[in-house]
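Order of the sequence lines sets the chain letters (A, B, ...), proteins ahead of strands, with each chain counted from 1. Note: hydrogens, waters and symmetry copies are ignored here, and every other heavy atom, side chains too, is used.
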Amino acid sequence: MPELPEVETTRRGLAPHCSGRHLLAAVVRNPKLRWPVPDDLSARVAGQHIIQIDRRGKYLIINLSHGALILHLGMSGSLRVLDSATPAGVHDHVDLILDNHTCIRLRDPRRFGAVLWTQNDAARHPLLENLGPEPLSDAFDGAYLYRISRGRSSAIKQFVMDSHQVVGVGNIYANEALFSAGIRPGTAAGRLSKTRCTTLVAAIQETLARAIEAGGSSLRDFVNSAGEPGYFQQQYKVYGRSGEPCRVCGQLIRLRRQGQRSTFYCPKCQN
DNA sequence: CTTTTGACCTGACAGC
DNA sequence: TGCTGTCAGGTCAAAA
């Protein structure tokens, strides 16, 4: 499920229910996620104050009074705030128990997600310290993309999906943004003009910002909600539409594999 | 150094 | 129905 807009929507949904609360314990039903959930997690977090919840790329960071939890939703993870007495389902692997009879519950059928603990500043964690800039920050602009892409032969789609260049651009939005920018996904990154880099950055930012807006507006009741983000109902321009007519020109949308991910593009609108 | 490939998992779905 | 194969919103680690 989670691309950056859903992670941000999750963060916004979680925050009002946890900020200022204390954690009583953690319940780990299955520690076998992307990396093992620390077996002393509960002891580490018990009694700690939740300062605030941040996001870095698709990582969620729950800052505690001493240390932080680093969460990732992988391909299939979701977080909800529930009454802690709510029976856990088969894929409900971790609960963070709050001091008001509620819990933050991680459900993750595919178990590509993560729950990690760090004693230090989460930004210094090995998984986070070498990440590229946030896509919606001023640091991510046309000049930056132009500069880092010089001499790079990899396809622009894979390049912008590389978290070391810029974080948070997943498969759906990479496809959508490249369509918006009119750029063929297989184009070598190093061959993009500065103008096209600027166009692409703007397209990425607009695509993500609109999806976050859609997700946020659908977020009525995060507690006990089904967790259906609004952006999921968005009408995609190319993603998942191979063989269907382009919404702009009517040409049939094409599908190809790039780095074992599906790439969708319009052969006429994207060059 | 860059680029590509493999790995981690389960569930949904198409086709036989 | 039940089996097999394919695909899925991520991304790190290892190989080339």
Side-chain angles (χ1 to χ4, degrees), chain A residues 1-11 29-37 55-60 70-79 88-94 106-116 125-132 135 147-179 185-191 204 207-208 210-212 214-215 218 226-243 255-264:
Chain A
M1 266 178 249
E3 290 231 14
L4 182 140
E6 189 183 0
V7 178
E8 177 60 20
T9 298
T10 297
R11 189 191 70 78
R29 298 182 195 81
N30 186 351
K32 287 183 261 180
L33 302 183
R34 173 86 201 254
W35 295 280
V37 178
R55 178 185 58 73
R56 179 75 176 97
K58 294 175 190 165
Y59 291 94
L60 284 169
I70 298 172
L71 276 57
H72 199 286
L73 301 179
M75 292 271 258
S76 58
S78 62
L79 290 168
V90 264
H91 301 300
D92 291 338
H93 306 310
V94 178
L106 172 70
R107 172 174 295 182
D108 185 6
R110 270 177 94 175
R111 289 193 275 123
F112 286 175
V115 177
L116 298 170
H125 190 279
L127 286 172
L128 305 190
E129 67 174 345
N130 294 316
L131 293 177
R147 177 167 55 77
I148 62 169
S149 60
R150 292 313 86 187
R152 302 296 293 265
S153 62
S154 57
I156 186 61
K157 175 169 178 261
Q158 286 159 284
F159 193 75
V160 296
M161 288 178 71
D162 177 356
S163 62
H164 297 102
Q165 318 306 333
V166 58
V167 298
V169 183
N171 197 39
I172 294 178
Y173 296 109
N175 278 298
E176 294 296 301
L178 282 161
F179 175 81
T187 307
R191 303 195 75 84
I204 288 169
T207 306
L208 290 175
R210 286 186 53 190
I212 291 171
S218 74
E228 290 297 321
Y231 79 90
F232 195 64
Q233 300 150 21
Q234 273 183 198
Q235 203 184 44
Y236 296 127
K237 298 275 181 41
V238 288
Y239 181 79
R241 298 193 65 242
S242 56
L255 167 62
R256 68 169 33 170
R257 306 286 297 177
Q258 272 184 294
Q260 58 247 86
R261 308 303 297 276
S262 291
T263 293
F264 303 88

Legend entry - Note, A:S78 side chain near A:L73 side chain (heavy atom, < 4.5 Å): no
Inset, instruction - Take atom P in C:dC7 and the same atom in B:dT5, then report the distance between them in whole Å. - result: 16 Å
Legend entry - Nearest atoms (heavy-atom pairs only) where A:V238 meets A:F264: O-CB, 3.3 Å
Legend entry - d(CG, A:D162; P, C:dG10) in whole Å: 13 Å
Legend entry - Under 4.0 Å protein heavy-atom contacts per nucleotide of nucleotides 11-16 of chain C, with B for base, S for backbone only and - for none: BB----
Legend entry - Exam field: side chain A:R29 to backbone A:A88, donor-acceptor pair closer than 3.5 Å: no
Legend entry - Nucleotides bounding contact with chain A, strand DNA chain B, heavy-atom threshold 4.0 Å: B:dT2 to B:dG11
Inset, instruction - Using the test side chain to side chain contact (heavy atoms under 4.5 Å, CB included), find all partners of A:T187 that sit at least two apart in sequence or belong to another chain. - result: A:I156, A:I183, A:R184, A:L192
Legend entry - Which atom of A:A177 lies closest to which atom of A:I204, heavy atoms considered: CB-CG1, 3.6 Å
Inset, instruction - Give DNA chain B the dot-bracket treatment, 5' to 3': Watson-Crick (N1-N3 with N6-O4 or O6-N4) or G-U (N1-O2, O6-N3) under 3.5 Å, [ ] crossing, | other strand. - result: .|||||||.|||||||
Legend entry - Nearest-angstrom distance from the residue atom CZ of A:F112 to C1' of C:dG10: 8 Å
Legend entry - Partner residues of A:P109 under the side chain to side chain contact (heavy atoms under 4.5 Å, CB included) criterion, sequence neighbours left out: A:S76, A:H91, A:R107
Inset, instruction - Check whether any side-chain nitrogen or oxygen of A:Y239 sits under 4.0 Å from OP1 or OP2 of C:dG9, and answer yes or no. - result: yes
Legend entry - A:K32 or A:G259, whichever maps to the more 5' nucleotide of DNA chain B: A:G259
Legend entry - For atom CG of A:N171 and atom C1' of C:dA8, their distance in whole Å: 10 Å
Legend entry - Nearest-angstrom distance from the residue atom CG of A:L116 to P of C:dG10: 19 Å
Inset, instruction - Take atom CZ of A:R256 and atom C1' of C:dC7, then tell me their distance rounded to the nearest Å. - result: 19 Å
Inset, instruction - Could you tell me which non-hydrogen atom of A:E176 sits nearest to which non-hydrogen atom of A:K237, and how far apart they are? - result: OE1-N, 2.7 Å
Legend entry - Closest non-hydrogen atom pair, A:R261 against A:N171: NH2-CB, 3.6 Å
Inset, instruction - For C:dC3 and B:dC9, measure between their P atoms and round to the nearest Å. - result: 23 Å
Inset, instruction - Only counting residues at least two apart or in another chain, list the ones meeting side chain to side chain contact (heavy atoms under 4.5 Å, CB included) with A:H125. - result: A:I70, A:L116, A:T118, A:L127, A:L128
Inset, instruction - Describe the nucleic acid contact of A:R257 in one word from base, sugar-phosphate, nothing, applying a heavy-atom distance below 4.0 Å. - result: sugar-phosphate
Inset, instruction - For A:T263 and A:Q258, test the side chains for any donor-to-acceptor distance below 3.5 angstrom and give the result as yes or no. - result: yes
Legend entry - Nearest heavy-atom neighbours spanning A:L255 and A:S262: CD1-CB, 3.6 Å
